[in-house]
Amino acid sequence: MTDYGWTYVLKQVRLLLLIALVCLALLALGLMIGYSFIGGGGNPLEVLNPSTWQDIIAKFSGK
């Protein structure tokens with residue numbers, strides 16, 4: 001009986017991890033589409049660079 005409980009919990013944790021990974025992938029895809037195609041930023045993978053985010057944050061914070 002105890003073994004069944006742990007397998008159920010592990011299945012649920014795996015499902016949550018899968019959903020989190022899919023959400024992260026969709027977020028990255030949405031950022032790339034918004035940055036390159038809608039925003040005219042050029043290379044879609046450039047939005048994933050930390051330097052791009054530093055520039056974006058600097059524009060919004062006024063620094």
Side-chain angles (χ1 to χ4, degrees):
M1 194 72 137
T2 310
D3 187 40
Y4 175 74
W6 281 109
T7 56
Y8 177 75
V9 170
L10 288 175
K11 284 182 182 180
Q12 295 300 313
V13 168
R14 273 190 253 151
L15 180 63
L16 285 174
L17 288 174
L18 178 66
I19 290 171
L21 286 174
V22 168
C23 287
L24 285 174
L26 290 175
L27 175 67
L29 182 65
L31 286 171
M32 292 193 311
I33 289 171
Y35 182 76
S36 65
F37 299 116
I38 297 172
N43 183 8
L45 295 177
E46 194 174 311
V47 76
L48 302 177
N49 290 334
S51 63
T52 303
W53 282 100
Q54 288 173 351
D55 291 340
I56 292 171
I57 292 170
K59 286 179 184 176
F60 281 109
S61 64
K63 293 181 181 178

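Put simply, OH on Y35 and CG on L45 are 11.0 Å apart, with the number rounded to the nearest 0.5 Å. I33 contributes atom CD1, which lies 9.5 Å from atom CG of L26 (distance to the nearest 0.5 angstrom). Going from atom CD1 of I38 over to atom CE of M32 covers 13.0 Å, rounded to the nearest 0.5 Å.
Contact check for T52 versus N49: side-chain heavy atoms found under the 4.5 Å cut-off. Residues W53 and L31 meet the side-chain proximity criterion, which asks for heavy atoms closer than 4.5 Å.
Residues S36 and G42 share a closest heavy-atom pair of CB-O, 3.1 Å.
Hydrophobic clustering (side-chain heavy atoms under 4.5 Å, transitive across Ile, Leu, Val, Met, Phe, Trp, Tyr) keeps I19 apart from V9. Side-chain heavy atoms closer than 4.5 Å link hydrophobic residues (I, L, V, M, F, W, Y) into clusters, and following such links, even through other members, never connects Y8 to L15.
Remark: Q54 pairs with no residue by the side chain to side chain donor-acceptor pair (under 3.5 Å) rule, at least two apart or across chains. Partners of L17 by side-chain contact (heavy atoms from CB on, under 4.5 Å), not counting sequence neighbours, listed by chain and number: V13.
Of the residues L18, L10, L16, the one that meets the side chain to side chain contact (heavy atoms under 4.5 Å, CB included) test with R14 is L10.
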